[in-house]
Number of protein chains: 2
Amino acid sequence: MSKKEALIDATKQLLWEKGYEATSPRDIQALSATGQGSFYHHFDGKKDLAIAALEEISREMLDIMRDNLAAKGPAQQRLESYLCKPRESLKGCRVGRLANEISMQDPQLGQPMRAYFEELTELLKHAIREAQEDGSLPAHLDAGDLATTLLAVVQGGFVLSRAQDRTDIHQSIARSMINLLFGGEAR
Amino acid sequence: MSKKEALIDATKQLLWEKGYEATSPRDIQALSATGQGSFYHHFDGKKDLAIAALEEISREMLDIMRDNLAAKGPAQQRLESYLCKPRESLKGCRVGRLANEISMQDPQLGQPMRAYFEELTELLKHAIREAQEDGSLPAHLDAGDLATTLLAVVQGGFVLSRAQDRTDIHQSIARSMINLLFGGEAR
DNA sequence: GTCTATATATTGATAGAC
DNA sequence: GTCTATCAATATATAGAC
């Protein structure tokens, strides 16, 4: 693995563990076993490296999400699987975790984040429309609103997990949402 | 206003605007027009002051939430009002905004945050149970799970608002959730 | 209680050798 | 491309006068 890759890998890890502000160039160099030279040879500075790292994170996550949400099989099952996906709740979402530190504060750093959530919303919206077409979801629901809501409920689950130091939040949420979406009075 | 109060007020503001890591003692002193002396006379340091500020924030927010959720009137209306409450979405939740910076990292700082979400969950749970008793919500839903879900959807709304730089997220979410909870096929 | 001056460690970046 | 040495600015805290 090249030093450049090592720097990006270490940054990906530290952005997840500590966030942007709390991660220093020296932290990154220590974790990746590189010197100042490699750092500033390959990147303009901390921000530039963070952008590269966040872009990789976003790509990796979207690949996983696409595999799930755009797979074959019943749309209802894919949506339930999205809600029930195993998550490292206490560590937070690798992307959303950074929303309060960056985003609007810095348009460049915010761009990969915006792109991630926009594409994820689209994936969810398509699956929702499929579920409406095959009758497993009511047609009167707005697919865009519902996609945003599913995303929000998962992101909020990360926030609450960390805020309350609880590992069961996402399970509660998944049960509740699946019940509201697919469960009838009968269930 | 005493210097001590001024310090806490400034900290409350900066924690909301910039978060914990990005707020320095000097920032706080500048905003509150105080010197080093006042800062370290009244507080042990940055963390101690942040705890005091977060406790005040939590109290203020809970007072507002109690006024809404534990008010008289139909429970359904109170729950809808919680979802539709005007929010400064782009600034993030004054409490939840800090979940990724502190919480488990520091038990002391995390305590006011944990307390905030625990009490808010209870308030929501009670309102949900009332709605189930008067028939406006189905009895088969788990009130605890649903309370967590409502909280999560609002917290996630803040995350997405900032991540995508959009002001309409909470409205989409509120429409969607109210539809799922109270709207029948007819609506 | 409040202020100014000072101290130490860390941050983010640069310089220059190899 | 990579390393070590160094730097200016800032973060956080202490000292001591008033």
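By convention in this document, chain letters (A, B, ...) are assigned in the order of the sequence lines, proteins followed by strands, and residues within each chain are numbered from 1. No hydrogens, no waters, no symmetry mates; every other heavy atom, side chains included, goes into these values.
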How many Å lie between [atom1] on [X] and [atom2] on [N], as a whole number?
| X | N | atom1 | atom2 | value |
| --- | --- | --- | --- | --- |
| Glu21(A) | dA11(D) | CD | P | 10 Å |
| Lys18(A) | dT11(C) | NZ | P | 8 Å |
| Asp48(B) | dA13(D) | CG | P | 10 Å |
| Arg26(B) | dT10(C) | CZ | P | 18 Å |
| Leu7(A) | dA13(C) | CG | P | 14 Å |
| Tyr20(B) | dT12(D) | OH | C1' | 10 Å |
| Tyr40(B) | dA7(C) | OH | P | 17 Å |
| Gln29(A) | dT2(D) | CD | P | 13 Å |

Inset, instruction - Would you verify whether the NZ or CZ of Arg66(A) falls within 45 degrees of the ring axis of Tyr116(A) while also being under 6.0 Å from that six-membered ring's centre? - result: no
Legend entry - Row check, Phe39(A) ring normal vs Lys46(A) NZ/CZ: under 6.0 Å, within 45°: no
Inset, instruction - Select base, sugar-phosphate, or nothing to describe what Ser2(A) touches, counting heavy atoms under 4.0 Å on all strands. - result: nothing
On the nucleotide [N], are OP1 or OP2 found under 4.0 Å from the side-chain N or O atoms that [X] carries?
| X | N | result |
| --- | --- | --- |
| His42(B) | dT2(C) | yes |
| Ser24(A) | dT11(C) | yes |
| Thr34(A) | dT2(D) | no |
| Lys3(B) | dT2(C) | no |
| His41(B) | dG1(C) | yes |

Legend entry - Pairing of Asp106(B) and Lys47(B) as salt bridge, 4.0 angstrom limit: yes
Inset, instruction - Without swapping roles, check the side chain of Gln132(B) against the backbone of Leu141(B) for a donor-acceptor pair under 3.5 Å. - result: yes
Legend entry - Side-chain-base donor-acceptor pair under 3.5 Å for Gln36(B) and dT2(C): no
Inset, instruction - Measure from the side-chain heavy atoms of Pro25(A) and tell me the nearest of dG12(C), dT14(D), dA11(D). - result: dG12(C)
Legend entry - 5' precedence on DNA chain C between Ala33(B) and Lys46(A) (nearest-nucleotide basis): Ala33(B)
Legend entry - Pair Ser24(A), Asp27(A): side-chain N/O donor-acceptor within cut-off below 3.5 Å: yes
